[in-house]
Amino acid sequence: MKIEQIYTGCLAQGAYYVESNGEVAIIDPLRETQQYVDKANRENAKIKYIFETHFHADFVSGHLDLAKKTGATIVFGPKAQTNYKAYIAKDNETFKLGNVTIKVLHTPGHTLESSTFLLIDENGKNHAIFSGDTLFLGDVGRPDLAIKSDLTKEDLAGMLYDSLRNKIMPLEDNIIVYPAHGAGSACGKNLSKETVGILGEQKETNYALRADMTKEEFIKEVLDGILPPPQYFAKNAMMNKSGYTDFDTVLKKGDVALTPEEFETVANQQDALILDVRTEQEFVKGHIPNSIFIGINGAFAPWVGALITDLQQPVLLIVPEGKEEETVTRLSRVGYDNTLGYLKGGMESWKAAKKDIETMESISAEELAKRNEESSIKILDVRKEGEYKSEHIEGDNVLHFPLDYINNNMNLIDQKTTYYLHCAGGYRSVIAASILKARGFDVVDVAGGFTDIKNTNIPKTNYVCPSTL
């Protein structure tokens with residue numbers, strides 16, 4: 001028996017390769033599926049099953065493409081309804097994989113169809129659970145993402161309580177826990193940085209598994225502090241339920257080099273969004289007018305999903321050399337399948353063609369403190385709510401303007417004012433500044449963000465540990 005976690009940091013997502021006696025199961029695969037096919041081929045094994053723990057909301061799964069390539073059976077737990085061929089398992093149904101067995105435990109709560117897959121080894125002993133978004137290390141899945149609309153988040157939280165206590169907690173303490181996500185995912189609020197754990201440890205340390213916890217206490221604690229889900233979550237879940245364009249087609253359409261003239265023509269004819277994925281420093285020094293910055297080196301896909309509201313939006317790319325295919329791939333992971341190409345030769349070719357270039361004013365934290373002393377300036381803090389409450393610049397001239405909800409807060413600012421934007425380190429503030437600049441606002445970026453601001457004499461609130469908020 002062989003188990004391998006294939007972890008993708010950008011999405012904080014774990015897919016799993018399970019092999020026994022030449023037969024393979026892939027659990028919660030990513031959109032680009034050739035990696036699983038290649039691995040099975042290297043092991044002289046055949047992919048027999050594709051197990052989906054639920055309809056994922058934070059990424060588009062690769063189950064359809066993988067099934068087409070391999071003939072493997074897609075398996076969902078009870079209550080799943082799809083627009084394509086899939087096997088809907090019964091609760092406690094078992095599947096033979098070589099010399100091991102995978103048992104379906106229906107664990108609704110995160111979503112109605114959510115299921116945990118129990119791996120039983122060659123000797124008939126319970127070995128591990130692939131818990132999807134039912135159980136994380138340090139947390140449990142948020143119960144507000146179900147597609148079905150006649151259930152409240154309180155209803156689902158109650159189901160999750162029952163699932164954990166009736167299906168998961170009775171299992172042996174030495175069982176390995178393989179969750180679908182780790183820290184950084186928006187599918188939970190308190191996820192551990194660890195990506196593999198032991199069930200007994202979770203029973204002792206996970207707040208949601210307290211033995212003396214009532215259902216009412218569980219519902220209250222699980223729902224406390226949950227922020228609204230990113231706008232793309234429901235759209236990705238529907239794609240996973242209904243189907244999508246195959247990845248190879250998406251990649252072929254998007255991985256196309258365009259000359260500056262072709263790039264400009266496509267941008268105008270297709271009303272395409274120009275997405276610049278270089279570093280924030282490079283974007284500040286020079287970018288195509290009205291382009292948007294979301295750097296490939298940061299939490300790229302989740303920020304794209306949170307900020308670009310139309311999954312069918314035509315996109316043109318400014319990418320570092322050698323990152324073209326990766327960028328198209330990472331866009332497709334969250335359902336953005338309409339990339340039309342990238343600028344061949346990058347910004348250097350744009351400059352050589354004597355096309356228009358804009359820059360963005362970026363100042364140090366020391367310069368911000370100086371300007372704040374000399375006159376009344378408007379500061380936008382684009383960090384998350386918890387970061388802002390923990391410590392922020394003091395004053396009536398400071399507005400908390402979180403990047404996550406920038407599209408909902410545009411009415412709070414006006415185009416006659418210059419705004420100074422900062423985040424924690426500089427990545428998110430340039431994203432926000434690029435969006436505002438493209439919409440006609442006058443912006444100044446504060447390089448180094450609050451990390452550098454803390455070292456200046458600019459007035460700040462007293463620090464509060466985020467864990468006490």
Side-chain angles (χ1 to χ4, degrees), residues 1-7 12-21 23-28 43 45 48-49 51-54 75 77-78 89-110 114-141 159-183 185 187-188 190-213 215 218 221-222:
M1 179 176 65
K2 179 183 295 183
I3 303 170
E4 182 175 335
Q5 182 185 69
I6 303 169
Y7 199 78
Q13 188 268 346
Y16 296 92
Y17 176 99
V18 183
E19 181 191 332
S20 174
N21 198 26
E23 294 185 337
V24 175
I26 304 295
I27 301 171
D28 294 339
E43 302 290 340
K48 183 178 182 181
Y49 295 116
F51 288 100
E52 289 284 353
T53 55
H54 63 293
V75 180
K90 299 180 180 65
D91 189 23
N92 294 318
E93 186 169 356
T94 58
F95 296 81
K96 290 297 294 182
L97 186 77
N99 299 325
V100 303
T101 301
I102 294 178
K103 185 176 183 178
V104 177
L105 306 179
H106 187 211
T107 49
H110 175 63
S114 283
S115 295
T116 296
F117 300 117
L118 172 63
L119 178 64
I120 303 169
D121 70 16
E122 300 91 336
N123 301 313
K125 295 181 65 175
N126 294 337
H127 179 78
I129 53 172
F130 301 92
S131 55
D133 287 23
T134 295
L135 175 64
F136 299 128
L137 303 185
D139 203 357
V140 292
M159 291 182 187
L160 184 57
Y161 176 88
D162 291 335
S163 293
L164 291 165
R165 269 121 189 106
N166 298 333
K167 298 292 185 67
I168 304 296
M169 292 177 69
L171 296 171
E172 299 91 332
D173 285 355
N174 63 350
I175 282 179
I176 302 168
V177 179
Y178 293 111
H181 295 291
S185 170
C187 293
N190 191 42
L191 282 69
S192 169
K193 292 181 180 179
E194 300 299 321
T195 62
V196 179
I198 301 297
L199 184 57
E201 294 175 356
Q202 289 306 300
K203 291 177 185 179
E204 293 178 1
T205 61
N206 191 318
Y207 76 96
L209 301 188
R210 293 200 311 271
D212 61 348
M213 195 180 214
K215 182 179 287 191
F218 177 90
E221 291 189 39
V222 165

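Position 1 is the first residue of the sequence, and the numbers go up from there. For clarity, every value in this text was computed on a predicted model and none was experimentally measured.
Residues Asp133 and Ser114 have side chains not in contact (no heavy-atom distance under 4.5 Å, counting atoms from C-beta outward). You'll find the side chain of Leu105 stays beyond 4.5 Å of the side chain of Phe117, heavy atoms only. At least one side-chain heavy atom of Ile3 sits under 4.5 Å from a side-chain heavy atom of His127. With contacts defined as side-chain heavy-atom distances shorter than 4.5 Å, the pair Tyr178/Ile129 does not qualify. Residues Lys48 and Val24 are not in side-chain contact: their nearest non-hydrogen atoms beyond the backbone lie 4.5 Å or more apart. Contact annotation: the side chain of Ile120 approaches that of Leu118 to within less than 4.5 Å [non-hydrogen atoms, C-beta and beyond]. For the pair Phe136 and Cys187, the minimum side-chain heavy-atom distance is below 4.5 Å. Met213 has its side chain within reach of Arg165: a pair of non-hydrogen atoms, C-beta onward, lies under 4.5 Å apart.
A distance of 8.0 Å separates CG of Leu119 from CG of Leu97, quoted to the nearest 0.5 Å. Here the OG-CD1 distance, from Ser20 to Ile102, works out to 9.5 Å after rounding to the nearest 0.5 Å. Annotation: the span from Glu204 atom CD to Leu209 atom CG amounts to 11.0 Å, rounded to 0.5 Å. Note that CD of Glu172 is 4.5 Å distant from CG of Asn126, once rounded to the nearest 0.5 Å. Atom CZ in Phe130 sits 13.5 Å away from atom CG in Leu135 (nearest 0.5 Å). Note that OH of Tyr49 is 12.5 Å distant from CD1 of Ile27, once rounded to the nearest 0.5 Å.
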Please walk me through it: do Val100 and Glu23 pass side-chain contact (heavy atoms from CB on, under 4.5 Å)? CA-CA 10 Å; Val100 303; Glu23 294 185 337; over 6 Å; no
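A donor-acceptor pair under 3.5 Å is formed between the side chain of Tyr16 and the backbone N or O of Pro179.
Applying the 6.0 Å contact sphere to NZ of Lys96 captures more than 12 heavy atoms from other residues, nucleotides or ligands.
Closest non-hydrogen pair, Leu191 versus Gly182, comes out as CD2-O, 3.1 Å. Among all heavy-atom pairs drawn from Asn21 and Gly98, the shortest one is CB-CA, 3.9 Å. Summarising the geometry of Ala183 relative to Ala12, their closest heavy-atom pair is O-CB, 3.5 Å, with the distance given to 0.1 Å. Summarising the geometry of Ser163 relative to Pro108, their closest heavy-atom pair is OG-O, 2.7 Å, with the distance given to 0.1 Å. In plain terms, the two heavy atoms of Gly141 and Leu160 that are nearest each other are O-CD2, 3.3 Å. Across Ala15 and Asp28, no two heavy atoms sit closer than the pair CB-O, 3.2 Å.
Annotation: Phe51 is in aromatic contact with Phe95 [ring centroid separation under 6.0 Å].
When each of Thr107, Thr116, Asp91, Thr134 is tested with Lys167 by the rule side chain to side chain donor-acceptor pair (under 3.5 Å), just one qualifies, namely Asp91.
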Please tabulate, one pair per line, all N/O donor-acceptor pairs under 3.5 Å involving side-chain atoms of residues 195-203, not counting sequence neighbours.
{"unit_1": "Thr195", "atom_1": "OG1", "unit_2": "Gln5", "atom_2": "OE1", "d": "2.9"}
{"unit_1": "Gln202", "atom_1": "OE1", "unit_2": "Gly138", "atom_2": "N", "d": "2.8"}
{"unit_1": "Gln202", "atom_1": "OE1", "unit_2": "Asn206", "atom_2": "ND2", "d": "3.1"}
{"unit_1": "Lys203", "atom_1": "NZ", "unit_2": "Met169", "atom_2": "O", "d": "2.7"}
{"unit_1": "Lys203", "atom_1": "NZ", "unit_2": "Leu171", "atom_2": "O", "d": "2.7"}
{"unit_1": "Lys203", "atom_1": "NZ", "unit_2": "Asp173", "atom_2": "OD1", "d": "2.7"}

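Ionic pairing of Lys2 and Glu43 is present here: one or more N-O contacts between side-chain nitrogen and carboxylate oxygen are shorter than 4.0 angstrom.
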